Protein chains: 2
Amino acid sequence: MQAPKYQSLKDHVYDYIAQRIQDQTLLPNQKINEAEICKKLEISRTPTREALFQLTSDNLLDYLPRRGFTVKAFDPKKKLDLSLIIGTLEGLAAALAVEHLGDKELGAMKALVDKMDNDISNHNFTDYYKDQVVFHKMYIDKSNNDVLIETLNSLKNSFIRQSYGSEDPDRLMRVLHIVNGEHRKILDLFHAKDKQGLEETLKYHWRIIDNEML
Amino acid sequence: MQAPKYQSLKDHVYDYIAQRIQDQTLLPNQKINEAEICKKLEISRTPTREALFQLTSDNLLDYLPRRGFTVKAFDPKKKLDLSLIIGTLEGLAAALAVEHLGDKELGAMKALVDKMDNDISNHNFTDYYKDQVVFHKMYIDKSNNDVLIETLNSLKNSFIRQSYGSEDPDRLMRVLHIVNGEHRKILDLFHAKDKQGLEETLKYHWRIIDNEML
DNA sequence: GCGATGTATATTGTATACAGAATACTTCAC
DNA sequence: GTGAAGTATTCTGTATACAATATACATCGC
């Protein structure tokens with residue numbers, strides 16, 4: 001056995017599959033071949049299956065008894081459904097966070113929005129993506145509701161899989177500038193402590209995910 | 001091996017543990033003993049561990065690498081946090097359902113509210129509990145958002161564990177009558193197609209769960 | 001008695017074996 | 001050639017074995 005890069009082989013498999021789904025090596029509805037994974041990672045079936053079942057619980061795979069695992073398909077309707085749930089919970093998180101956000105956090109968020117504008121203009125979509133995650137995490141973490149933090153995390157994970165850039169980059173640029181405009185608006189609403197405005201704005205902020213991004 | 005009451009042994013273990021958590025045989029923070037379960041159910045460790053990992057993903061257990069599984073503790077703060085999330089998503093479900101609820105469903109809901117009043121007065125809390133589940137399921141199922149249906153299901157499962165009745169039944173009766181009053185109000189709001197009213201009412205409808213029920 | 005050290009025991013993580021079910025592949029009748 | 005029937009192969013579910021780690025227990029010095 002080699003150096004223990006991972007705490008457990010199960011986690012190794014988990015990350016490996018999740019990665020493969022994200023980078024489209026594994027396509028929706030495709031069947032998972034246990035033996036293949038075992039051979040690739042040079043491990044046995046036990047940790048592999050444990051990871052597979054966990055991925056199923058986390059909504060990345062489907063499982064049919066006696067016929068194995070397949071990559072979960074996320075059709076447009078499901079993405080839209082999910083974006084509405086995420087948006088609603090983001091709205092809740094924001095409303096809760098209003099009381100706990102200080103100048104420090106608001107300043108950091110402002111810096112992020114500015115940086116994201118640059119990212120987008122420079123077609124630096126990978127950086128944009130990361131910054132955007134941090135931006136939202138900023139206030140979610142201040143919601144003082146651990147269950148909410150965890151729930152949002154899990155929901156977002158379940159469909160963060162398609163990377164952008166597959167389409168026309170100029171079109172993507174225009175769309176993301178609009179999205180970042182919303183980020184700016186969200187920041188203003190935080191300054192104004194406008195809970196209802198935040199809920200309304202965030203509820204539909206994620207609809208874009210459906211086609212353009214992630 | 002005996003008659004296959006369960007499709008797989010893994011599912012058997014899953015249900016067994018979930019049950020034991022609900023009926024308080026397994027208490028919060030208590031350590032899970034793999035070997036004990038295996039012996040009790042006369043099966044091997046492989047399906048047992050698979051179930052254990054799944055229960056962890058489903059938030060019923062905690063897992064620490066190299067030191068096993070424990071029953072997840074749900075302190076009052078976490079329950080309150082969760083009730084707010086459930087309430088918010090119930091509000092979303094209700095708002096979405098408004099357009100799809102016909103006289104048939106509204107009639108059935110009315111019947112349920114009346115029946116629940118009887119259940120409560122007769123200290124028939126088990127029936128009340130079941131009816132209440134159906135009442136809420138009624139409109140959730142009409143939200144036309146499968147992801148939401150599944151998410152709510154999973155969130156509710158994660159803390160439906162303590163049964164009521166441990167306290168003074170007369171106090172419980174009074175509290176549940178108030179809760180059922182809210183059910184009646186919710187029904188009125190559906191008739192009025194008042195989405196905002198539904199969202200507001202449902203958001204805090206579940207706070208009671210914290211102490212009194214479930 | 002109290003804490004440190006070493007040893008025994010139990011528990012966890014992983015590999016492997018094997019039976020039964022599902023799937024793929026042949027063969028054959030028509 | 002097409003479809004049914006039977007056989008071979010692969011894959012899934014479960015049991016078991018074993019090494020590595022963690023925990024419990026006992027011993028010893030102070």
Side-chain angles (χ1 to χ4, degrees), chain A residues 1-21 25-73, chain B residues 1-21 25-73:
Chain A
M1 216 146 293
Q2 75 255 45
K5 186 179 169 189
Y6 290 85
Q7 184 144 37
S8 75
L9 298 181
K10 172 176 73 60
D11 293 345
H12 190 174
V13 180
Y14 189 102
D15 291 348
Y16 175 80
I17 306 278
Q19 203 74 47
R20 283 301 114 91
I21 291 175
T25 314
L26 291 169
L27 296 164
N29 290 317
Q30 193 177 329
K31 187 163 187 314
I32 301 277
N33 188 328
E34 275 183 27
E36 208 172 280
I37 295 162
C38 296
K39 214 173 60 182
K40 199 92 170 184
L41 302 181
E42 297 182 62
I43 60 175
S44 77
R45 284 179 63 213
T46 310
T48 301
R49 283 174 60 86
E50 284 173 358
L52 256 23
F53 281 116
Q54 243 186 286
L55 284 155
T56 304
S57 282
D58 292 348
N59 267 302
L60 292 173
L61 300 179
D62 280 322
Y63 165 67
L64 279 165
R66 290 250 159 240
R67 48 194 64 188
F69 299 85
T70 52
V71 178
K72 193 146 196 164
Chain B
M1 216 145 295
Q2 76 256 46
K5 186 179 168 188
Y6 289 86
Q7 181 145 40
S8 75
L9 298 181
K10 172 176 73 60
D11 293 345
H12 190 174
V13 179
Y14 189 101
D15 291 348
Y16 175 80
I17 306 279
Q19 203 74 49
R20 284 302 113 91
I21 292 174
T25 313
L26 290 169
L27 296 164
N29 290 316
Q30 192 177 330
K31 187 160 188 313
I32 301 278
N33 189 326
E34 275 183 26
E36 208 172 280
I37 295 161
C38 296
K39 214 173 60 184
K40 197 93 170 184
L41 302 181
E42 297 183 63
I43 61 175
S44 77
R45 286 180 61 214
T46 310
T48 302
R49 283 174 61 85
E50 285 173 357
L52 256 24
F53 281 115
Q54 244 187 284
L55 285 156
T56 304
S57 281
D58 292 347
N59 267 304
L60 292 173
L61 300 180
D62 280 322
Y63 164 67
L64 278 166
R66 292 249 156 241
R67 47 194 65 187
F69 300 85
T70 50
V71 178
K72 192 146 196 165

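What you see is a predicted model, and the numbers here were worked out from it, not measured in a lab. As a basis for the values below, the full set of heavy atoms in this structure was taken, side chains included, without hydrogen atoms, waters or symmetry mates. Lettering of chains follows the sequences in order, A, B, ..., and the numbering in each one begins at 1.
Residues from residues 31-39 of chain A placing a heavy atom under 4.0 Å of any atom in DNA chain D, listed by number, are A/K31, A/N33, A/E34. For the contact set between residues 44-56 of chain B and DNA chain C, defined by any heavy atom under 4.0 Å, the members are B/R45, B/R49.
The shortest side-chain heavy-atom distance between B/T70 and B/N29 does not fall under the 4.5 Å cut-off. The shortest distance between side-chain heavy atoms of A/K72 and A/D62 falls below 4.5 Å.
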Scan the side chains in residues 34-44 of chain B for donor-acceptor partners under 3.5 Å anywhere in the protein, sequence neighbours excluded, and list what turns up.
{"from": "B/E34", "atom 1": "OE1", "to": "B/R45", "atom 2": "NE", "distance (Å)": "2.8"}
{"from": "B/E34", "atom 1": "OE1", "to": "B/R45", "atom 2": "NH2", "distance (Å)": "3.2"}
{"from": "B/E34", "atom 1": "OE2", "to": "B/R49", "atom 2": "NH1", "distance (Å)": "2.9"}

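Listed by chain and number, the residues in a ring pair (Phe, Tyr, Trp, His ring centres under 6.0 Å) with B/F53 are B/Y63, B/F69 (sequence neighbours excluded). Partners of A/D58 by side-chain hydrogen bond (donor to acceptor under 3.5 Å, both in side chains), not counting sequence neighbours, listed by chain and number: A/Y14.
Taken to the nearest 0.5 Å, the CD atom of A/Q30 stands 7.0 Å off from the CD1 atom of A/I32. Note that NZ of A/K10 is 9.5 Å distant from CG of A/D15, once rounded to the nearest 0.5 Å. Taken to the nearest 0.5 Å, the CG atom of B/L60 stands 14.5 Å off from the CZ atom of B/R20. Note that the CG atom of A/N33 and the OG1 atom of A/T48 stand 10.5 Å from one another [nearest 0.5 Å]. For the atom pair OG1 of B/T46 and CD of A/E50, the computed distance is 8.5 Å after rounding to the nearest 0.5 Å.
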Can you pull every protein N or O that's under 3.5 Å from an N or O on nucleotides 20-23 of chain D?
none

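Rounded to whole Å, atom P of C/dG13 lies 8 Å from atom NZ of A/K10.
Among the heavy atoms of the strands, none lies under 4.0 Å from B/F69.
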